[in-house]
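Worksheet: the structure to be examined is printed underneath.
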Amino acid sequence: MMTSNELTAIARGEANTSFAFSTRNTVEAKWVRQIKMSSPNPNVKKANLSATKKERIELPINYDYDGSCGSKAKAYHISEFLSHPSGIQAMLNTSALQSFQFLDTNTYRCILPKVQFLNFEAAPVMDLRVTPTDKDCTVQLLSCKFEGSDIVESQNDRFSAFMINHMTWNTNDSESFLEVEVKLKLCLEIYTRPFSLLPISAVERPGNLMMQALVDRLVPLLLRQLLQDYDKWVQQKFEEFP
């Protein structure tokens with residue numbers, strides 16, 4: 001488990017804007033190439049599922065006011081929060097995780113609670129890279145797998161996932177908002193009957209509808225939770241530095 005000091009050092013040392021932009025421009029193309037090259041059996045059908053969601057929420061302008069004259073003494077910008085350990089934990093939604101740990105510079109392993117299906121238990125494990133800058137913040141999925149029995153873990157070779165969460169903001173007094181755009185893609189091998197007998201479109205259409213419904217529900221919830229965590233962090237700053 002990472003310490004608060006480790007998180008602070010990591011966040012301060014990795015605000016590289018050019019890296020963030022180049023990552024967003026190339027990661028999808030690399031993912032597509034990996035999908036084409038990774039399958040040991042090129043004859044296996046593959047379903048490509050995708051969902052995207054863009055959401056905007058009003059952003060409060062958090063100032064610390066001087067009690068004597070009401071002047072604005074200090075502003076706690078959203079970029080400060082997203083570069084702070086508390087902001088990183090909020091973006092990773094660590095309160096919903098079984099555990100998370102630091103792997104490398106700005107890279108974290110998030111282990112979700114176990115899920116049960118029939119007689120099998122599986123723990124989803126995701127490696128995520130968080131890249132905060134003073135202009136935006138990007139959360140990128142590096143890998144996703146399941147931990148459990150041999151049967152469960154054998155499924156890791158039959159799917160691949162791509163996810164990128166790009167956050168931007170506008171903090172002008174006239175219009176202040178936080179905007180998030182989430183892109184999610186899955187590539188699944190279709191190898192079990194009766195699905196392997198169906199056309200790929202018969203799997204992709206309902207799969208895309210289910211994924212889009214999931215993203216449409218989760219993104220607004222996560223955005224509101226992030227804003228609540230931001231407000232809580234600002235209030236703590238007010239108390240620490242009166």
Results of side chain to side chain contact (heavy atoms under 4.5 Å, CB included) for S154 - residues two or more places apart only: none

Single-linkage hydrophobic cluster L142~I164, side-chain heavy atoms < 4.5 angstrom: no

Any residue meeting side chain to side chain contact (heavy atoms under 4.5 Å, CB included) with P220, in chain and number order, not counting sequence neighbours: K53, E55, R224

Qualifying ring-ring contact (aromatic ring centres under 6.0 Å, His included) pairs with a residue from residues 193-225, counting only residues at least two apart or across chains: none

Connected via hydrophobic side-chain network under 4.5 Å: L92 and L223: yes

Pairing residues for N208 by the side-chain hydrogen bond (donor to acceptor under 3.5 Å, both in side chains) criterion, not counting sequence neighbours: none

Chi angles and distances behind the side chain to side chain contact (heavy atoms under 4.5 Å, CB included) call for M167, L226: CA-CA 11 Å; M167 283 174 276; L226 181 66; 3.7 Å; yes

Set of side-chain hydrogen bond (donor to acceptor under 3.5 Å, both in side chains) partners for E179, sequence neighbours left out: R56

Cluster link L141 to I111, ILVMFWY, side chain under 4.5 Å: no

For K135 against W169, the heavy-atom pair lying closest together: C-CZ2, 3.5 Å

Partner set under side chain to side chain contact (heavy atoms under 4.5 Å, CB included) for A202, not counting sequence neighbours: L198, P199

side-chain hydrogen bond (donor to acceptor under 3.5 Å, both in side chains) involving Q228 - partner list, sequence neighbours excluded: none

Sequence neighbours excluded, every pair satisfying ring-ring contact (aromatic ring centres under 6.0 Å, His included) that has a member inside residues 133-153: F146-F159

Counterpart residues, side-chain hydrogen bond (donor to acceptor under 3.5 Å, both in side chains), relative to Q225 (two or more places apart): D229

Heavy-atom side-chain contact between T94 and Y108 under 4.5 Å: no

Members sharing L214's hydrophobic cluster (side chains within less than 4.5 Å): L218

Same apolar cluster: L222 and W233, side chain cutoff 4.5 Å: no

Main-chain N/O of P194 paired to S196 side chain as donor or acceptor, under 3.5 Å: no

L112: partners by side chain to side chain contact (heavy atoms under 4.5 Å, CB included), with sequence neighbours left out: L97, P124, M126

ILVMFWY cluster, V125 and F100 together (side-chain gap under 4.5 Å): no

side-chain contact (heavy atoms from CB on, under 4.5 Å), paired with C137, selected from T168, T131, V130: V130

Test log, rule side chain to side chain contact (heavy atoms under 4.5 Å, CB included), inputs H77 and D134: CA-CA 9 Å; H77 197 278; D134 58 352; over 6 Å; no

Side chain Q212, main chain A51, donor-acceptor under 3.5 Å: no

Contact check, side chains of V182 and V180, non-hydrogen atoms, under 4.5 Å: yes

